[in-house]
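Chain letters run A, B, ... following the sequence lines, proteins first, then strands; residues in each count from 1.
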Amino acid sequence: MGFEYHQPSTTAEALELVARFPDAEIIAGGTDLMVRLNKTRRVPPALISLRRVQELTHIENGSGLRIGAAVPLRDVATHPAVAAGFPALVDAIRVFGSPQIRNMATLAGNLCNASPGADCAPPLLIYDALVELRSAAGVRELTIEDFILGPGATALEAGEIVTAIRVPPPPPAARSIYLRKGRVQMDLAITGVAARLEMDGATCGAVRIAAGAVAPVPRRLPRTESVVAGAAAGAETWARARAEAQHEISPISDVRASEQYRRHLTGVLVERSLARLASTNGGGT
Amino acid sequence: MKVEVGFRLNGYEVRAEVEPHLRLLDVLRDTLGETGTKEGCGEGECGACTVLVDGAAINSCLFPVCEAAGTSVMTVEGLAEANGALSPIQRAFLDHGGAQCGFCTPGIVMAGVALLAENPNPSDAEIRYSLTGNLCRCTGYVQIVAAIRAAAVATRGERGD
């Protein structure tokens, strides 16, 4: 029997197929998987497509958001509730690939590919997003930290698929932003920083900072966050956060940038993102 | 084992017996003989294979043909009138010299079609942003941006906006 392309229309059907074809690849947008298949000229025994699974193709807006695993990034960015409550995610999608890629690629796929530089991961980290995984045995939810285990490695188990990304409602006064630098728009990130800040008068309240492409996995920067939380808003605090972030990350040198430049640039983006969030007319919401 | 895939291509129903691992690009070019759509990089970087699926621009080199079943696909061959009269955007690319070797042109034209359908009056910055997924290695982008700007004006004029 040769290659089969399966297009289930329900989650139950998809899970049945995943159990029946353990060596199958799961495809949603295909913008990573198809590149891999094209490059290696490899044909897997089967592909199981999530594109026509009705339950996975929409965004539910109740208490927070539930973004189906097959929703293309373009539809995430243009959803009014995403624009209103999660501007850092909109920022990340704006710098993500090209219009063509955004019409296909998905949030779930971006996380499953588990690239250290996955642009959607830092925003999802600062928003406390959860990855919803389903198998015949039931459903479980993992934080981004528990889901992405290393470069290309996730906690996805055999027989399991990611069905949605859930994002809790943001605190009403929080503002957030994602800043990224790449060599050009279509290239992967050299570094990307997502930050969320609540102000308490002239003092910084709760803060979350996450970075991508500067460690084996996209990650929060808790030491940098603790420099900012409770400190007076202003250039001095932003500069201290910048210095802390430069030490806290563990970047490598590669074709896109040296380790030193990644440290420098990440610090700059941390400083810049905080300054923008604290200013009354800055970026973010 | 071959499967039958049917979709609308440039307004006509087509059906093809295809190997299910093929990409939409392969079937457009090799099975259906519509060779206007090009393969450049084969990894979604260059945009030479851009076509519209249900109105959305996608890289047909990353698009499994089975996903096209039941959709409406538009390629560069679908732009001109049946009598050969060029569409406003094709005319604009000719008038502004928006092509040199021409290999990237069908993909860029389709990216332009998608942009103008969504945003009939784009700024130059919006035009350039809409072309981030399309590489041209001959002309530079000045004439291409000018062509899309002119196509926007011509399209609005045609519709009487």
Counting heavy-atom pairs under 4.5 Å to chain B, which of A:Thr31, A:Asp32, A:Val35 comes out on top?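 Maximum pair count with chain B is reached by A:Val35.
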
For [X], is it the side chain, the backbone, both or neither that has a heavy atom under 4.5 Å from a heavy atom of chain B?
X	value
A:Leu37	neither
A:Arg52	side chain
A:Met186	both

Do [X] and [Y] have side chains that approach each other closer than 4.5 Å (heavy atoms only, starting at C-beta)?
X	Y	answer
B:Asn134	A:Gln100	yes
B:Glu19	A:Phe3	no
A:Met34	B:Cys61	no
B:Glu43	A:Asn38	no
A:Pro99	B:Glu118	no

Hits for salt bridge (Lys or Arg N to Asp or Glu O under 4.0 Å) against B:Glu4, two or more places apart or cross-chain, chain-then-number order -> B:Arg15

Could you please state which residues from residues 92-115 of chain B sit under 4.5 angstrom from chain A, measuring non-hydrogen atom to non-hydrogen atom, sorted by number, or 'none'? B:Ala111

What residue in B:Gly47, B:Cys41, B:Ala69 has the most heavy-atom pairs under 4.5 Å with chain A?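 Of the options given, most contacts go to B:Ala69.
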
Looking only at B:Thr50, B:Leu62, B:Val53, B:Val3, the option with the highest number of non-hydrogen pairs under 4.5 Å against chain A is B:Leu62

Side chains of A:Tyr5 and B:Glu67: is there a donor and an acceptor less than 3.5 Å apart?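 The criterion, which ignores hydrogens and geometry beyond distance, is satisfied for B:Glu67 and A:Tyr5.
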
